[in-house]
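A, B, ... follow the sequence lines: proteins, then strands. Residue 1 opens every chain. Owing to the predicted nature of the structure, the values given are computational and were not obtained by experimental measurement.
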Amino acid sequence: MSAPAQPEWFVQTDVFDGPLDLLLYLVRREGVELRALPVARIADAYLNYLDKMRDLNLGIAGEYLVMAATLIWLKSLELLPKKPVLHDEEEEDGEDPREALARRLAEYARYRDAADTLHTRPHVGRDTFVRDPSDVAGEDRPVEPGVDAFGLLEIFYDLLTREDTPEPEYEVDTVTLSLEDACRFVLSSLAGQVGELSSLLSALPTRRERILTFVAVLEMVRLGWVGLEQTEHLGSIRVEGKVDADVDLSRVMGRVEAATA
Amino acid sequence: MSDNLLPFPGNEPSDGLCAALEALLFASGGPVSSRNLAEALDVEHADVLGGLAALSRGYEDRGIELLEIAGGWQLRTRPEHAGAILKLMGQRPSRLSRAALEVLSVVAYKQPVTRSEVEQLRGVDSGGVMRTLLGRGLLRVAGRKAEPGRPLMYGTTRAFLEMFALSDLRDLPTLREREELEEDV
Amino acid sequence: MSDNLLPFPGNEPSDGLCAALEALLFASGGPVSSRNLAEALDVEHADVLGGLAALSRGYEDRGIELLEIAGGWQLRTRPEHAGAILKLMGQRPSRLSRAALEVLSVVAYKQPVTRSEVEQLRGVDSGGVMRTLLGRGLLRVAGRKAEPGRPLMYGTTRAFLEMFALSDLRDLPTLREREELEEDV
């Protein structure tokens, strides 16, 4: 691979933040004035630079190519006889496109230099350090969010995309709850008596366990191990245990697993 | 280090070691051992001890003092200013907790939403946080959901919009806008 | 108070006030407005201003200094101690990329400004950089623009002012000055 031919400039795309940055660098390197930008000369320098990048197999982002096309067009304007073709373009926005580029570059240069000025200012965490505030407890203090609306979105996004949403804290020892466990829970809670389905389910802390237990109740109804009774529309549902908790639960397991698989 | 141990002397150009020690102690916040100070400044440990003593004397009649705590040295405010500090900091708003922000974000984007829907997304019990937010006027009850049990649904309030400088819920940035910001890097 | 310690002007009545101000500023960490200081100390605002000036003078040749930042007053370490502090804390200096500084400049001067306006000016995609700056709390969402698509507008934050030791946005060098410099290019 060939090294850059001209030692005074190195081809480094990553040091440029876009085509305007590169263009400004070239303008300054060539020592030309922005106000009277020699478009042809700058276009050549720019295209030359892109060629070097290509020679080095460096990826060239699309926006650099768009600028290259613009520069080629602007250069062609200089080569063509002035009036006939150009007329429309100039009339449209009332400005020579070359001047427009120079103006755009000048505006970019202002912010670019402002960035340099920012860079030289004392910078917390680099040049100067501050104290964390002392912690003072205070009741009835007004609250502030500490983030803006976008921060709120970030938090929401984090929640949506969290790899594995942690199960609720209290579920630590219930994650492993099986249908067998659920059946045993129901039968031992009832202990052969009658109980309310809602109080049975509300004793369980998570929705997952409640669903599992509800499925277990339905399955045991089918097997005749428990009975269900509802005396009025939307009234409470009573569950009656008809077998002991030490019933052979292997019977239920196969079927329920098959049903929920 | 100069022989003159006056911490911030008038006629000396500066006692550089005392100034440096002060900067280090100020920035670190917590107690720092004299050995660590010596290492950071690349000076003799004995010089650091002398410097700390001088610095400490210099803090007489000042708002802060230098104390040896937990095997290290720490700058602290003098106790007599505690009242004013409490008064100053007591007016300062406290920050919403991460938990509160999480609940707010879920309610803001999914409202109207039930408590169990919030908990599903967060993966933790959120009742306490939601009560606090209701109390602060950032959440409100927005009806009941048409499902068994008819659970309460929650939404955000006008105070919520004000807190986040939004004129309208539609002003919330969207997930798509977030994605668009992420696309190019 | 001994006479040879100069940081707080010798026999002036403001000695106690200086000490109290120092304690408040030390405890608060962030910038505090002179009005809040006056209120916390229950003294006249003018006295606080005098006290702050005296305190500031007292910090010459010290490890810390008193600066006017983001509409308030804040104690900070002097830049010459940055190396030792970073060494003590085992940290690398926090740095912003040139792209980040450019985006910050554009937003600081033109706010509120949309992403596409920033990109138009820089001639390059800026979404990733803007997202990072939002994450660091240096940019904030500042509403939506009243135009088709209602794009988000962005502004700088208080943390931006604090980061660059600016007392307010007007403290930024004016772009006109930059224009004058431009003629020399």
Side-chain angles (χ1 to χ4, degrees), chain B residues 6-10 12-16 18-29 32 36-37 39-42 55 57-58 60-64 75-78 80-92 164-168 170-171 173 177-178 180-185, chain C residues 1-2 4-8 15-16 18-30 32 36-37 39-42 55 58-64 75-78 80-89 115 124-132 134 140-144 150-152:
Chain B
L6 284 180
F8 307 110
E12 288 281 311
S14 79
D15 187 340
C18 279
L21 287 170
E22 180 175 54
L24 287 174
L25 292 165
F26 178 89
S28 84
V32 193
N36 285 350
L37 290 168
E39 203 177 308
L41 292 168
D42 202 15
L55 191 59
R57 283 196 300 279
E60 279 167 28
D61 299 317
R62 295 276 304 275
I64 52 182
L75 292 177
R76 293 195 167 187
T77 55
R78 288 190 177 272
E80 58 262 41
H81 303 295
I85 291 171
L86 267 170
K87 198 169 164 198
L88 178 74
M89 311 280 280
Q91 301 154 351
R92 180 182 286 195
F164 288 92
L166 300 165
S167 59
D168 195 296
R170 288 177 312 157
D171 283 353
E177 281 167 326
R178 183 191 173 282
E180 282 165 5
L181 281 180
E182 215 176 24
E183 266 164 25
D184 47 87
V185 171
Chain C
M1 162 154 195
S2 64
N4 59 344
L5 294 177
L6 293 182
F8 296 142
D15 282 356
C18 279
L21 288 170
E22 181 175 54
L24 286 176
L25 292 166
F26 181 89
S28 113
V32 194
N36 284 351
L37 290 168
E39 203 177 313
L41 293 169
D42 202 13
L55 191 58
Y59 284 128
E60 279 168 29
D61 302 318
R62 295 273 305 274
I64 52 182
L75 293 176
R76 295 187 164 196
T77 61
R78 287 186 179 274
E80 56 261 42
H81 304 296
I85 291 169
L86 287 166
K87 193 172 167 193
L88 178 72
M89 314 219 282
R115 173 187 166 193
V124 69
D125 276 353
S126 305
V129 179
M130 291 176 76
R131 216 170 83 72
T132 306
L134 283 160
R140 67 190 168 85
V141 171
R144 286 181 183 276
R150 307 191 70 235
L152 290 170

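When each of B/N36, B/L41, B/L24, B/L25 is checked for heavy-atom pairs under 4.5 Å with chain C, B/L24 comes out on top. Here C/H81 is the residue among C/E80, C/R150, C/H81 with the most heavy-atom pairs under 4.5 Å with chain B.
The side chain to side chain donor-acceptor pair (under 3.5 Å) search around C/R76 returns C/Q74, not counting sequence neighbours. Under the side chain to side chain donor-acceptor pair (under 3.5 Å) criterion, C/E39 pairs with B/Q91, not counting sequence neighbours.
Within a 6.0 Å radius of CG in C/D42, other residues, nucleotides and ligands contribute 12 heavy atoms or fewer.
With hydrogens and angles disregarded, no donor-acceptor distance shorter than 3.5 Å links the side chain of B/R78 to the backbone of C/A19.
Proximity to chain C involves both the backbone and the side chain of B/L75, based on heavy atoms less than 4.5 angstrom apart. At a 4.5 Å heavy-atom cutoff, B/L166 makes no contact with chain C through either its backbone or its side chain. Interface remark: B/A20 contributes backbone and side-chain atoms alike to the contact with chain C (heavy atom separation under 4.5 Å).
Within the 4.5 Å cutoff, the side chain of B/E177 has no heavy atoms near those of the C/R115 side chain.
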